[in-house]
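Because the structure is predicted, anything quoted here is derived from the model rather than measured. Lettering of chains follows the sequences in order, A, B, ..., and the numbering in each one begins at 1.
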Amino acid sequence: MSLRISVVSSSMDLDVIGDWKRTHYSVDVKPEMDGCEVTLFGWVQEIRDLGALRFIILQDREGTIQVTVLRKKTSAEVLSKADALQKRFSIGVKGTVKKTDITPRGVEVIPKEIKIFNTAESPPIDICGKTLAKLDVCLDARALDLCREENIAVFKIQHKAVEAVREFLFARGFIEVHTPRFIGSATEGGAALFKVDYFGRDAFLAQSPQLYKEQLVMSLEKVFEIGPFFRAEESHTRRHLSEFVSIDIEEAFADAEDVMQLLEQLMHYVCKTVSEKCGRELAVLKYSVKVPELPFKRLTYDDVLEELKSEGIVIPWGEDIPTPVLRTLGKIHPYFYFITRWPKSARSFYIQPCADRPELTEGFDLMWRWIELVSGGTRVASKRLLVKQLEEKGLNPDSFRCHLQAFDYGMPPHAGWAIGLERLTMMLTGKKNIREVTLYPRDKTRLTP
RNA sequence: GCCCUGGUAGUAUAGUCCGGUCUAGUAUAUGCGGCUGUCGCCCGCAGGACCCGGGUCCAAAUCCCGGCCAGGGCGCCA
């Protein structure tokens with residue numbers, strides 16, 4: 001990548017913010033404020049110059065508003081500022097709201113004073129959406145790319161979703177916790193871990209908070225964590241990242257069915273909140289979020305295999321369901337559905353076997369179409385069983401000594417799950433590549449910006 | 001890691017099959033000029049590109065080989 005650092009010495013005198021305070025965001029300027037004076041801050045999104053008339057579209061994080069400069073009726077000072085403006089200049093405008101029928105929003109602002117806080121180069125990508133650059137090019141200029149209304153909409157929706165999750169879990173007595181990202185040994189099995197140098201010792205970046213959140217149910221009982229985790233898999237897909245955000249919960253004295261009910265209620269609440277409160281953002285994305293009906297379908301692994309058989313697809317019992325088959329399944333069940341009672345061979349060592357059929361587990365996935373959104377289950381609370389299952393998976397119980405110790409002191413029955421936040425955001429925004437819903441995505445080849 | 005497809009101005013694309021008026025077309029962006037109601041404003045002018053290396057050939061953006069990068073799929077994984 002060629003990184004050209006250009007420093008243009010602008011001859012322009014920049015303004016200081018002084019005692020100016022924002023009175024309104026762009027979208028809060030309404031026709032009924034006709035005649036009021038407002039102070040707006042933001043960036044020049046677009047300029048349309050008709051000669052005696054210059055339209056400046058001011059953008060802030062909430063939207064845009066038109067600033068109209070009538071050449072004949074404007075002071076020389078304002079005019080010289082208005083003429084100097086270019087795309088992405090950071091500006092402040094003090095002016096009068098004018099009600100009008102000519103703009104789509106019914107308002108424009110007639111400037112009395114303009115401040116230029118910073119100038120800008122001509123942007124390397126089109127942020128107005130006329131000639132949209134490809135994802136890779138956008139990501140290379142991510143800070144600028146994030147100024148696009150569509151991207152602002154994506155991350156405001158994600159913010160609302162996270163807010164709704166916290167609100168929901170707090171209301172049900174869950175305590176938010178923070179477990180370590182540095183871990184001492186690569187033990188959990190499953191995903192490959194990133195190795196880091198920890199004061200001369202080998203350490204690893206955590207792939208999940210699984211073991212810690214289980215330990216915490218014996219003290220805090222109901223916990224959740226929202227944070228980044230790391231997988232060193234060489235995945236090259238639209239739905240995998242090396243660094244992703246997980247929404248993890250663990251609950252004492254609960255089983256899979258309890259946490260599945262919690263989960264479907266949470267999904268309902270998140271969808272409802274986003275569809276009700278993010279109307280403007282969803283409109284920008286030309287997408288809508290359907291509020292799901294409860295309860296979600298619960299298909300057992302055996303049900304799924306039967307169903308696939310009638311589609312002419314045969315999966316050997318005990319095997320995981322391959323991606324192309326999940327796509328087929330997603331067409332049959334085009335919204336939320338659980339897959340429950342997975343075979344032991346397809347689940348982790350910490351998942352509780354079914355009492356009635358020990359070759360099955362109380363593990364489940366929550367699917368959204370063909371994408372695995374959430375994974376969870378009843379956990380093993382018995383140390384003896386846990387050790388047995390570790391051995392069955394070819395893992396060494398010795399390297400789990402610290403974790404297993406917790407099970408000596410009254411580990412309660414417990415269950416939990418983990419939602420992939422980015423996958424949840426894909427579901428809420430209709431985006432088809434996980435990189436689009438990640439501020440600064442990390443994958444096998446991308447480490448910058 | 002494997003398979004498929006691709007890489008042309010800042011951005012997005014046409015041209016590549018079938019090598020030759022390609023002096024590389026278009027849109028948008030940029031710069032300059034013009035325009036009194038734009039909202040993908042409009043009009044005129046200007047500058048700006050064939051991923052890198054090797055090969056075939058009289059001749060390569062175009063064909064062949066290698067590399068790098070990207071997109072999609074698979075696997076791994078959540």
Under a 4.5 Å cut-off applied to non-hydrogen side-chain atoms, are A/Ile91 and A/Val44 in contact?
-> yes
Determine whether A/Gln158 and A/Leu421 make a side-chain contact, defined as any pair of heavy atoms from C-beta on separated by less than 4.5 Å. yes
TODO: Check the angle between the aromatic planes of A/Trp342 and A/Tyr301 and answer parallel, tilted or perpendicular using the 30° and 60° thresholds.
DONE: tilted
Exercise. Evaluate the ring planes of A/Phe336 and A/Phe296, with Trp represented by its six-membered ring, and classify them as parallel (under 30°), tilted (30 to 60°) or perpendicular (over 60°).
Key: parallel
Separation of B/U36 atom C1' from A/Lys72 atom NZ, nearest Å, is 8 Å
Here the distance between atom P of B/G33 and atom CG of A/Asp83, to the nearest Å, is 11 Å
Which part of the nucleic acid, if any, lies within reach of [X] when heavy atoms closer than 4.0 Å are counted: base, sugar-phosphate only, or nothing?
| X | answer |
| --- | --- |
| A/Pro124 | sugar-phosphate |
| A/Glu372 | sugar-phosphate |
| A/Arg446 | nothing |
| A/Gln66 | base |
| A/Asp365 | nothing |
| A/Val374 | nothing |
| A/Glu422 | nothing |
| A/Leu132 | sugar-phosphate |
| A/Lys432 | nothing |

Sorted by chain and residue number, the side chain to side chain contact (heavy atoms under 4.5 Å, CB included) partners of A/Thr23 (sequence neighbours excluded) come out as A/Val38, A/Thr39
Give a yes or no answer on whether the side chain of A/Arg239 reaches the backbone of A/Arg423 with a donor-acceptor pair at less than 3.5 Å. no
Checking B/C39, B/C77, B/A70 against the side chain of A/Asp136 (C-beta onward), the nearest is B/A70
Testing B/G75, B/G37, B/U36 for proximity to the side chain of A/Ala52, the answer is B/U36
Of A/Lys87, A/Gln45, A/Arg88, the one forming a side chain to side chain contact (heavy atoms under 4.5 Å, CB included) with A/Ile127 is A/Arg88
Side chains of A/Thr300 and A/Asp303 only: does a donor on one sit below 3.5 Å from an acceptor on the other? yes
Checking side-chain polar atoms at under 3.5 Å, does A/Glu422 have a donor or acceptor matched by the opposite partner on A/Thr438? no
By nearest-nucleotide position on RNA chain B, the 5'-leaning member of A/Lys444 and A/Asp101 is A/Lys444
N/O (side chain, [X]) to phosphate O (OP1/OP2, [N]) under 4.0 Å:
| X | N | result |
| --- | --- | --- |
| A/Arg327 | B/C74 | yes |
| A/Thr445 | B/C69 | no |
| A/Arg48 | B/G40 | no |

Numerically ordered, the residues 236-246 of chain A set in heavy-atom contact under 4.0 Å with RNA chain B is A/His236, A/Thr237, A/Arg238, A/His240, A/Leu241, A/Phe244
Numerically ordered, the residues 23-40 of chain A set in heavy-atom contact under 4.0 Å with RNA chain B is none
**Prompt:** Around atom CD of A/Glu77, are there more than 12 heavy atoms of other residues, nucleotides or ligands at under 6.0 Å?
**Reply:** no
**Asked** Has A/Lys309 got more than 12 heavy atoms of other residues, nucleotides or ligands less than 6.0 Å from its NZ?
**Response** no
- State whether the distance check finds a donor on one side and an acceptor on the other, under 3.5 Å, for side chain A/Thr323 versus base B/C74. no
Looking only at heavy atoms, the pair that brings A/Ala82 and A/Val69 closest together is CB-CG2, 3.9 Å
Please tabulate, one pair per line, each protein N/O and nucleotide N/O from nucleotides 27-31 of chain B that are separated by under 3.5 Å, including the distance.
from: B/U28; atom 1: O2'; to: A/Thr131; atom 2: OG1; distance (Å): 3.2
from: B/A29; atom 1: OP1; to: A/Lys130; atom 2: NZ; distance (Å): 2.9
from: B/A29; atom 1: O3'; to: A/Lys87; atom 2: NZ; distance (Å): 3.4

Check your understanding: Given A/Tyr25 and A/Leu40, is the side-chain contact (heavy atoms from CB on, under 4.5 Å) satisfied, shown in steps?
Key -> CA-CA 7 Å; A/Tyr25 278 107; A/Leu40 306 170; over 6 Å; no
Applying salt bridge (charged side-chain N to carboxylate O under 4.0 Å, His left out) to A/Glu62 and not counting sequence neighbours gives A/Lys156
Encoded 5' to 3' (Watson-Crick or G-U under 3.5 Å; [ ] crossing; | other strand), RNA chain B becomes (((((((..((((......[....)))).(((((.......)))))....(((((..]....))))))))))))....
